Amino acid sequence: PDEKLDLSDSKWEDIHVITGALKMFFRELPEPLFTYNHFNDFVNAIKQEPRQRVPAVKDLIKQLPKPNQDTMQVLFRHLKRVVENGEKNRMTYQSVAIVFGPTLLKPEKETGNIAVHTVYQNQIVELILLELNSIFGR
């Protein structure tokens, strides 16, 4: 049975509680939304010439399992709305990417270059947010 949440309950007033829960959901998945076996492909896609990045990322997303693609589309459309309300919540494309990048895609084994990975993780999430309609259609 689905649990009904009362979002007017005062415990949900702090937006960080909801954001934290959303991030935890994605962090606790057995495998990241952008699956482990595609991590390096996404990194290589973001390293390409700027005009080749969108088609490369779009192509990779199409290779992910259908539930991942569907979840990704809903999540990114939501995050885009968050950014569009940036004057109220002070969230930019970059800040959303920093918050969600490492949660949504990560290598299976952390190697020494975590800082480098973080840069790419953020760039990939930011690109998808910026190019949402090109990547997922309207």
Side-chain angles (χ1 to χ4, degrees):
D2 282 348
E3 192 183 337
K4 290 279 180 256
L5 289 179
D6 176 12
L7 291 178
S8 62
D9 185 325
S10 64
K11 72 178 175 185
W12 301 109
E13 279 177 16
D14 183 359
I15 193 66
H16 301 289
V17 172
I18 296 173
T19 307
L22 184 63
K23 274 178 53 188
M24 187 184 291
F25 169 80
F26 286 106
R27 208 174 21 248
E28 299 291 319
L29 290 174
E31 188 168 28
L33 196 58
F34 294 72
T35 57
Y36 287 130
N37 60 330
H38 284 88
F39 178 79
N40 288 326
D41 299 328
F42 277 104
V43 169
N44 290 331
I46 204 73
K47 289 179 178 175
Q48 293 185 34
E49 296 286 308
R51 69 177 184 281
Q52 294 171 328
R53 290 176 191 160
V54 172
V57 167
K58 184 176 182 172
D59 190 49
L60 285 169
I61 289 173
K62 286 182 177 154
Q63 295 174 37
L64 295 171
K66 184 80 171 89
N68 295 47
Q69 293 179 42
D70 295 345
T71 302
M72 200 175 279
Q73 186 166 173
V74 171
L75 175 65
F76 277 91
R77 288 195 190 287
H78 171 71
L79 293 176
K80 177 100 174 177
R81 281 195 299 273
V82 169
V83 174
E84 286 166 353
N85 287 288
E87 69 284 346
K88 289 193 215 92
N89 61 34
R90 301 196 309 277
M91 292 299 283
T92 62
Y93 285 104
Q94 214 170 5
S95 54
V96 168
I98 288 167
V99 170
F100 281 93
T103 304
L104 298 176
L105 74 157
K106 51 187 175 261
E108 193 156 11
K109 295 193 172 30
E110 273 304 351
T111 49
N113 48 3
I114 293 170
V116 175
H117 282 165
T118 305
V119 169
Y120 294 130
Q121 287 158 322
N122 298 349
Q123 285 178 348
I124 293 160
V125 170
E126 190 171 352
L127 179 80
I128 295 171
L129 283 169
L130 287 165
E131 300 292 342
L132 193 74
N133 290 330
S134 320
I135 290 172
F136 291 112
R138 298 241 163 245

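Start at 1 with the first residue, then count along the sequence. None of these values were measured; they are calculated from a predicted model.
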> Who are the side chain to side chain donor-acceptor pair (under 3.5 Å) partners of Thr92, not counting sequence neighbours?
Replying inline: Ser95
> With Lys88, which residues qualify under salt bridge (Lys or Arg N to Asp or Glu O under 4.0 Å), at least two apart?
Replying inline: none
> Listed by chain and number, what are the side-chain contact (heavy atoms from CB on, under 4.5 Å) partners of Tyr36, not counting sequence neighbours?
Replying inline: Glu31, Pro32, Lys106, Glu108
>> Using the side chain to side chain donor-acceptor pair (under 3.5 Å) criterion, which residues pair with Asp41? Sequence neighbours excluded.
In response: none
>> Can you list everything that forms a side-chain contact (heavy atoms from CB on, under 4.5 Å) with Thr103? Sequence neighbours excluded, please.
In response: Lys23, Phe26, Arg27
> Does the pair Leu33 and Gln69 meet the rule for a side-chain contact (heavy atoms from CB on, under 4.5 Å), with working shown?
Replying inline: CA-CA 8 Å; Leu33 196 58; Gln69 293 179 42; over 6 Å; no
> Residues two or more places apart in sequence or in another chain: which of them pass salt bridge (Lys or Arg N to Asp or Glu O under 4.0 Å) with Asp70?
Replying inline: Lys66
> What distance separates Ile61 CD1 from Gln63 CD, expressed to the nearest 0.5 Å?
Replying inline: 10.5 Å
>> If the condition is side-chain contact (heavy atoms from CB on, under 4.5 Å), which residues does Val82 pass it with, not counting sequence neighbours?
In response: His78, Asn89, Met91, Val96
> How many angstroms lie between CG in Leu60 and CD1 in Ile135, if you round to the nearest 0.5 Å?
Replying inline: 10.5 Å
> Do you reckon Val74 sits in the same ILVMFWY cluster as Val99, going by side-chain contacts under 4.5 Å, direct or chained?
Replying inline: no
> Which residues pass the ring pair (Phe, Tyr, Trp, His ring centres under 6.0 Å) test with Phe42, sequence neighbours left out?
Replying inline: Phe34
> Residues two or more places apart in sequence or in another chain: which of them pass side chain to side chain donor-acceptor pair (under 3.5 Å) with Thr71?
Replying inline: none
>> Hydrophobic cluster membership, with links at side-chain heavy-atom distances under 4.5 Å among I/L/V/M/F/W/Y: are Leu130 and Phe136 in one?
In response: yes
Would you be so kind as to tabulate the donor-acceptor pairs closer than 3.5 Å made by side chains of residues 50-58, with sequence neighbours excluded?
unit_1	atom_1	unit_2	atom_2	d
Arg53	NE	Ile46	O	2.9
Arg53	NE	Gln48	O	2.9
Arg53	NH2	Gln48	O	3.3
Lys58	NZ	Ser134	O	3.0

> Among all residues two or more places apart in sequence or in another chain, which pass the side-chain contact (heavy atoms from CB on, under 4.5 Å) test with Lys80?
Replying inline: Glu84, Tyr93, Leu129, Leu132
> How long is the span from the CZ atom in Arg81 to the CG atom in Leu79, to the nearest 0.5 Å?
Replying inline: 9.0 Å
Listing, residues 114-128 side-chain donor-acceptor contacts under 3.5 Å, not counting sequence neighbours, or none:
unit_1	atom_1	unit_2	atom_2	d
Thr118	OG1	Ile114	O	2.8
Gln121	OE1	Thr118	N	3.3
Gln121	NE2	Leu105	O	2.7
Asn122	ND2	Thr118	O	3.4

> Could you state the interatomic distance from CG (Leu104) to CE (Met72), rounded to the nearest 0.5 Å?
Replying inline: 7.5 Å
